[in-house]
S.K.: 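Just dropping this structure here.
What's counted below: heavy atoms across the whole structure, side chains too, no hydrogens, waters or symmetry copies. Keep in mind that this is a model prediction, so the values were computed, not measured.
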Amino acid sequence: MKSLYFLVDCNNFYVSCERVFRPALWGRPVVVLSNNDGNVVALSNEVKEMGLPFGAPFFEVKRLIRKNGVAVFSSNYTLYGDMSRRVMECLARFSPEMEVYSIDEAFLSLRGMTGDPAAYGREVREAVRQWTGIPVTVGIAPTKTMAKLASRMGKKDPACGGVFDLTDRGRAEGALESADAGDVWGVGRQYRELLRRYGIRTARELRDAPDAWVRRNMTITGLRTVWELRGVPCIPLDEQPAPKQGIVSSRSFGRPVERLNELREAVAAYTGRAAEKLRAQGSAAGSMTVFISTNRFRETDPQYSNGVTCRLPVPSAYTPRLIQVALGLLDRIYREGYSYKKAGVMLFEIMPQGDAQLDLFSRFHDTDRGRRLMRTVDGLNRAMGRHTLRFAAEGIEKPWQMRRAFLSGRFTTHWKEIPVARA
DNA sequence: TCTGGGGTCCTAGGACCC
DNA sequence: TCTGGGGTCCTAGGACCC
């Protein structure tokens, strides 16, 4: 059966999520900021046209933004996560084989389909728009890498109506010719420069590069990419992503933190979040790292950053236990006299909860009671909203919490914040 | 004053095993 | 003076993705 992939990519996803609930902003310039209102991480087309770069620190471009009447939002992951779930549910109806690739992208496999792929692509696009309000671009090609390229080209070409089909040989050739090698999925900045030095500038030149050279300079991963550009599928659809091997929870603080007590609250809160992610995939962690750092951008301030790892006596997913260990680690690396800007917790040696090797002499096994307690806590938080139940160690006031000055509502996940329409 | 937060895979080299 | 032939595991570093 001939392979055929759709890559469905939401247009300016975070911006679109905000616009769904503020329809007056369609056609107007909009940006969304990263956590802590740090950088610009999503731009509407109008803003892209102004030449504002992705990732610019907000404080540097604030004036420009204000001058041009750009609407600004803090990132609202509660909203984006839920909107993403709705988009994916809609897409799942169009193919039995789907890979949710990121919060705003999914691959559909339509191998063996009969009929016009582009027409089907338009159906997909229309359904998502109607059911969720989110505009998407559909890239269509025989390999995932080519489908990514197709959707990228589709976004640059308003005339295509959001569906870009590269199944035709001639069109594919033209697309590869016009695309920069750096636009290819799997080619980042370093490889782009390397390719440039060897005179490879376009995606077509990359496709035609000799296998041996690619293998030597870009590893087996690069060779797969090149073959995919030739139309040979090498990157299979990953329908059920493996459980994570590492889980990280870290944040910058809304303001500098100096006191150990406040750091402890933050670390406890991040540990709680990491443990939630751990349990959500049914795992336990065998080791843990805690790290803290000062603000590296304030070069004149005294700098300190440190991290420490320990192995747990027995793998665990029990929040109180993990918090206890994390705070012990924090005490070991904390130094007085610094302004801390960031802290984080990482969990490793992750395994299915039932597989953990027990220790005959340890007092720290996760008991059945403990597991039931965590299930109850997670269940309540799922049903009633995150943070409904939390651990006292996380603190109450949380003065270290991130800045989110332009936060929109939790329109789809919180009863009190459901939008009201007046007719 | 203000600068994000997650992840994955691959390779080379060294330690160690029989 | 002579010094095999496999294999695994771990780590650090480098590349990439959103």
Side-chain angles (χ1 to χ4, degrees), chain A residues 7-10 12-14 31-42 53-63 65-66 72-77 80-81 84 99-107 144-145 148 151-152 181-195 214-225 228 234-236 238 241-256 270 273-274 276-278 281 287 289 291 293-301 309 339 341-350 401-406:
Chain A
L7 186 268
V8 184
D9 193 337
C10 300
N12 317 319
F13 182 55
Y14 299 168
V31 296
V32 177
L33 306 178
S34 64
N35 277 338
N36 227 8
D37 294 341
N39 303 64
V40 177
V41 290
F54 174 92
F58 178 49
F59 75 93
E60 281 179 13
V61 295
K62 204 183 261 180
R63 285 182 51 156
I65 281 176
R66 205 158 285 161
V72 178
F73 291 93
S74 303
S75 41
N76 184 345
Y77 285 100
Y80 311 151
S84 171
E99 171 184 349
V100 176
Y101 178 65
S102 74
I103 193 166
D104 69 335
E105 282 173 74
F107 289 101
K144 288 167 78 176
T145 304
K148 284 283 274 184
S151 95
R152 197 181 175 109
D183 289 346
V184 174
W185 186 40
V187 179
R189 236 190 26 234
Q190 302 296 323
Y191 281 156
R192 178 171 186 270
E193 279 317 300
L194 175 82
L195 292 169
V214 175
R215 175 69 183 79
R216 196 166 52 243
N217 290 283
M218 301 172 72
T219 81
I220 190 76
T221 324
L223 191 57
R224 277 190 205 117
T225 297
E228 287 235 323
C234 299
I235 306 174
D238 190 3
K244 296 193 190 331
Q245 298 170 33
I247 290 174
V248 179
S249 173
S250 79
R251 292 271 179 288
S252 301
F253 304 132
R255 62 151 175 76
Y270 302 162
R273 180 68 194 117
E276 269 176 21
K277 294 189 207 172
L278 193 61
Q281 63 170 36
S287 66
T289 299
F291 64 89
S293 66
T294 51
N295 188 347
R296 66 197 159 95
F297 292 103
R298 304 196 46 162
E299 288 166 23
T300 51
D301 280 12
T309 302
S339 282
K341 182 59 181 171
K342 185 172 180 171
V345 175
M346 305 194 258
L347 302 174
F348 300 107
E349 292 180 59
I350 288 170
Q401 253 183 349
M402 64 181 167
R403 234 190 334 272
R404 297 210 277 180
F406 316 99

S.K.: How are the rings of A:Tyr270 and A:Phe253 set to each other: parallel, tilted or perpendicular (split at 30° and 60°)?
M.R.: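 Aromatic pair A:Tyr270/A:Phe253 classed parallel.
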S.K.: Output yes when at least one side-chain N/O atom of A:Lys148 is less than 4.0 Å from OP1 or OP2 of C:dC18, else no.
M.R.: yes
S.K.: Give a yes/no answer on whether the side chain of A:Arg298 brings an N or O atom under 4.0 Å of OP1 or OP2 in B:dC2.
M.R.: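 For B:dC2, OP1 or OP2 has a side-chain N or O of A:Arg298 closer than 4.0 Å.
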S.K.: Look at the side chain of A:Glu105 and decide which nucleotide, out of B:dC2, C:dC18, C:dC16, has an atom nearest to it.
M.R.: C:dC18
S.K.: How about A:Met346 and A:Phe291: do any of their side-chain heavy atoms sit closer than 4.5 Å?
M.R.: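 Yes; the side chains approach each other to less than 4.5 Å.
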S.K.: Taking only side-chain N and O atoms of A:Lys342, does any of them lie within less than 4.0 angstrom of OP1 or OP2 on B:dG5?
M.R.: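 Yes, within the criterion.
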S.K.: So, does A:Lys62 get its side chain near the phosphate of B:dT1, meaning an N or O under 4.0 Å from OP1 or OP2?
M.R.: no
S.K.: Using a 4.0 Å heavy-atom cut-off across all strands, classify A:Gly344 as base, sugar-phosphate, or nothing.
M.R.: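 Contact class for A:Gly344: none.
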S.K.: According to a strict under-4.0 Å criterion, is A:Asn295 in side-chain N/O contact with OP1 or OP2 of B:dT3?
M.R.: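 Looking at the OP1 and OP2 atoms of B:dT3, one of them is under 4.0 Å from a side-chain N or O of A:Asn295.
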S.K.: Tell which nucleotide pairs with B:dC16, taking only Watson-Crick or G-U wobble pairs whose two distances are both under 3.5 angstrom.
M.R.: C:dG7
S.K.: Looking at B:dG6, I'd like to know if its phosphate oxygens (OP1 or OP2) sit under 4.0 Å from a side-chain N or O belonging to A:Ser250.
M.R.: yes
S.K.: Which of parallel (below 30°), tilted (30 to 60°) and perpendicular (above 60°) describes A:Tyr77 and A:Tyr14?
M.R.: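 Perpendicular.
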S.K.: Output yes when at least one side-chain N/O atom of A:Arg273 is less than 4.0 Å from OP1 or OP2 of B:dG5, else no.
M.R.: no
